[in-house]
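Below is one structure, written out as structure tokens, with a few remarks after it.
Just the heavy atoms: all of them, side chains too, but no hydrogens, waters or symmetry mates, feed the values below. Start at 1 and go down the list; that is how both ligands and their atoms are numbered. Bear in mind the structure is a predicted one, so any value in this text is a computation, not a measurement.
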Amino acid sequence: MTITITAFERSPDGGKGLARDTRVRWALEEVGQPYQVRPVSFRAMKEPAHLALHPFGQIPTYEEGELALFETGAIVFHIAERFPGLLPGDADARARAITWMFAALSTMEPPILELTNARLLEGDKPWAQERLPLVQDRVRTRWAQLVARLGAADWLDGAFSAGDLMMVSVLLRSRASGILDEFPTLAAYVARGEARPAYQRAYAAQAAVFATP
Ligand code: GTB
């Protein structure tokens with residue numbers, strides 16, 4: 001069954017892997033599933049055809065036969081359930097890996113999104129400089145808590161799982177602010193994720209859009 005995802009026609013990050021299609025591509029590469037990409041312009045994202053797939057007019061989406069999904073958490077979870085390679089066989093270990101996926105999206109991603117908004121969307125507001133340190137510290141608090149849990153382990157709970165895929169995808173968004181490098185344990189964890197051949201293929205595929213004029 002052909003899998004088709006949507007991605008930015010031209011990602012604003014210039015192909016640095018920060019848009020959320022990268023985590024879906026990475027999951028598909030980890031489980032060895034080929035996929036097609038349908039590029040979508042910012043205008044097309046808000047038009048009825050795309051809104052039928054994604055009610056919030058965003059990317060990525062995922063189509064497989066009659067099934068159409070949005071939300072990277074749901075998409076990566078579906079891929080991990082449907083194909084072997086991203087979730088452990090043991091029921092308890094599987095539940096813990098899924099817990100880490102939720103932790104990445106519900107506990108770790110909100111503060112880094114808030115920081116991105118504070119820097120990029122609110123940077124010109126008169127109160128921006130006063131607020132920024134508060135927002136940065138909310139990120140640091142969560143990052144420090146994750147360091148305490150990860151310790152010297154390579155991955156969050158035994159072998160690499162969909163939980164790590166999602167956590168690394170979220171953490172790498174803190175690199176641009178410099179906060180990731182304040183936490184060498186997490187910087188090394190992200191580097192381990194990025195070194196995986198599946199991540200490298202996913203990154204190369206989304207960057208290739210920018211190799212052609
Ligand atoms: N919760 C949803 C999910 O996880 O799937 C969030 C999806 C989402 O935010 N999609 C963004 C989008 O479609 C792209 S990833 N935005 C267009 C819109 O809302 O109109 C966010 C993103 C965009 C660009 C960069 N960048 O260039 O660095 C990084 C991340």
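Checked by atom type and distance alone, the side chain of Q206 pairs as donor or acceptor with a backbone atom of Y203 at under 3.5 Å. The backbone N or O of E194 lies less than 3.5 Å from a partner atom in the side chain of Q200, making a donor-acceptor pair.
Residues M167 and L146 meet the side-chain proximity criterion, which asks for heavy atoms closer than 4.5 Å. Between L53 and R38, some side-chain heavy-atom pair lies under the 4.5 Å cut-off.
By the 4.0 Å heavy-atom criterion, K46 is counted among the residues contacting ligand 1. The shortest separation from a heavy atom of R173 to ligand 1 is under 4.0 Å, placing the residue in contact. Within the 4.0 Å heavy-atom shell around ligand 1 one does not find F56.
Comparing heavy-atom distances from atom 5 (O) of ligand 1 across T72, V40, I75 singles out T72 as nearest. Nearest-residue assignment for atom 17 (C) of ligand 1 (options M45, R10, R23; heavy-atom criterion): M45.
Looking from atom 19 (O) of ligand 1 to the surrounding protein, the closest heavy atom is Q58 NE2, 3.1 Å. Nearest protein heavy-atom contact of atom 24 (C) of ligand 1 is F8 CE1, 3.9 Å. Looking from atom 28 (O) of ligand 1 to the surrounding protein, the closest heavy atom is D13 CB, 3.2 Å. For atom 2 (C) of ligand 1, the closest non-hydrogen atom on the protein side is E71 OE1, 3.2 Å. Closest protein heavy atom to atom 29 (C) of ligand 1: L18 O, 3.5 Å. Closest protein heavy atom to atom 9 (O) of ligand 1: R20 NH1, 2.7 Å.
With rounding to the nearest 0.5 angstrom, the CD1 atom of I112 is 8.5 Å from the CG atom of L171.
Considering backbone and side-chain N/O of I59, one or more are found under 3.5 Å from N/O of ligand 1. The N/O atoms of H54, backbone and side chain alike, include none that comes under 3.5 Å of an N/O atom in ligand 1.
Below 30°, between 30° and 60°, or above 60°: for W26 and Y199 the angle between ring planes is above 60°, a perpendicular geometry.
Residues Y189 and D164 bring a donor and an acceptor atom of their side chains to less than 3.5 Å of each other. Side-chain atoms of H78 and E64 include a donor-acceptor pair closer than 3.5 Å.
Contact record, V76 with A162: CG1-CB, 4.3 Å, taken as the closest heavy-atom pair.
Listed by atom number, the atoms of ligand 1 under 4.0 Å from P12 heavy atoms are 27 (O).
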